[in-house]
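If you read the sequence from its start, that first residue is 1, and numbering goes on from there.
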Amino acid sequence: MDLHIKAEAALHSRVGEIDPHNFDADGPMFTKIQLPCLLRPGGCILVTTVEEVHIPMFFSGLIGMRSTWARLGLITPPTVADPGFEGTLTLELYNASPNAVMIQPGDSIWHILLVSTPFELSYTGRYQQQKGLTLPKQL
């Protein structure tokens, strides 16, 4: 299934050092913006999907980039939607190319592949039932 992005996004801002155990995601770490935006070389952005996913038990969702976007120089960290996860996905894009890349609402940058798991897991993490762009939460 293809995943499309909404207009809401958050650009990573340079703040110096980040302690994953103690930070304020609503502080200077991110700048909330509306797409479209030109993602500059070395730029990093969080976006959210239009689609709400519901990962069934005994399955994991592997999220991968569509090849055109990867060929343009964008990178997304390996991402897994755990069994039982429900909600929209917040995904990161990093521009590793020497060129600025236009990101627009509705772009289909990723797809999700359901893979069966041999045992029952149930996602109960801090991002369960998220709706819309969700900034990182402290560990």
Side-chain angles (χ1 to χ4, degrees):
M1 173 175 75
D2 287 344
L3 299 170
H4 302 83
I5 58 177
K6 288 185 178 180
E8 60 184 324
L11 285 169
H12 281 266
S13 305
R14 294 195 188 275
V15 295
E17 298 177 2
I18 297 171
D19 177 356
H21 302 278
N22 184 24
F23 66 87
D24 179 11
D26 290 320
M29 202 162 107
F30 292 95
T31 303
K32 291 186 179 180
I33 63 166
Q34 292 291 307
L35 298 178
C37 103
L38 202 54
L39 187 57
R40 304 273 178 212
C44 203
I45 191 171
L46 295 177
V47 295
T48 188
T49 59
V50 170
E51 296 80 11
E52 286 190 31
V53 299
H54 304 274
I55 307 299
M57 300 310 292
F58 299 105
F59 286 88
S60 293
L62 300 179
I63 294 117
M65 289 193 78
R66 299 178 56 86
S67 66
T68 297
W69 295 95
R71 292 171 197 215
L72 293 173
L74 298 181
I75 297 171
T76 293
T79 306
V80 174
D82 294 315
F85 176 83
E86 295 183 8
T88 59
L89 296 166
T90 297
L91 299 166
E92 179 186 41
L93 278 173
Y94 175 75
N95 186 354
S97 83
N99 305 301
V101 178
M102 179 63 71
I103 308 297
Q104 298 190 39
D107 282 343
S108 177
I109 297 177
W110 304 274
H111 49 224
I112 187 168
L113 175 67
L114 291 179
V115 179
S116 64
T117 56
F119 49 88
E120 182 176 346
L121 298 171
S122 182
Y123 181 77
T124 58
R126 59 184 151 246
Y127 299 108
Q128 183 71 298
Q129 301 292 331
Q130 69 185 15
K131 304 286 187 242
L133 182 69
T134 304
L135 297 178
K137 299 178 181 180
Q138 292 183 28
L139 297 177

Atom pair [atom1]/[atom2] of [X] and [Y] - distance to nearest 0.5 Å:
X: Leu39; Y: Met102; atom1: CG; atom2: CE; value: 10.5 Å
X: Thr90; Y: Lys131; atom1: OG1; atom2: NZ; value: 11.5 Å
X: Phe85; Y: His54; atom1: CZ; atom2: NE2; value: 9.5 Å
X: Gln104; Y: Leu38; atom1: CD; atom2: CG; value: 10.0 Å
X: Leu133; Y: Lys32; atom1: CG; atom2: NZ; value: 6.5 Å

Using every non-hydrogen atom in the two residues, find where [X] and [Y] come nearest and quote the distance to one decimal.
X: Ile75; Y: Ala96; value: CD1-CB, 3.5 Å
X: Arg66; Y: Ser108; value: CD-O, 3.0 Å
X: Pro41; Y: Pro98; value: CG-O, 3.3 Å
X: Pro105; Y: Pro36; value: CD-N, 3.8 Å
X: Asn95; Y: Asn99; value: ND2-O, 2.8 Å

Transitively linked via ILVMFWY side-chain contacts under 4.5 Å: [X] with [Y]?
X: Met1; Y: Ile5; answer: yes
X: Tyr94; Y: Ile18; answer: no
X: Ile33; Y: Leu74; answer: yes
X: Leu91; Y: Val50; answer: no
X: Val80; Y: Phe59; answer: no

Worked check of side-chain contact (heavy atoms from CB on, under 4.5 Å) between Met29 and His12: CA-CA 6 Å; Met29 202 162 107; His12 281 266; 5.6 Å; no
Any [X] side-chain heavy atom under 4.5 Å of [Y] side chain:
X: Val47; Y: Lys6; answer: no
X: Pro56; Y: Pro83; answer: no
X: Asp82; Y: Tyr127; answer: no
X: Glu86; Y: Glu52; answer: no
X: Ile63; Y: Leu3; answer: yes
X: Leu35; Y: Asp107; answer: no
X: Glu92; Y: Thr79; answer: no

Would you check if the side chain of Thr88 reaches a backbone N or O of Gly132 as a donor-acceptor pair within less than 3.5 Å?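 Confirmed, Thr88 side chain pairs with Gly132 backbone.
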Picking from Leu135, Leu93, Thr134, what satisfies side-chain contact (heavy atoms from CB on, under 4.5 Å) with Leu46?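 Option passing the side-chain contact (heavy atoms from CB on, under 4.5 Å) with Leu46: Leu135.
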Check against side-chain contact (heavy atoms from CB on, under 4.5 Å), Ile55 and Leu114: CA-CA 8 Å; Ile55 307 299; Leu114 291 179; 3.8 Å; yes
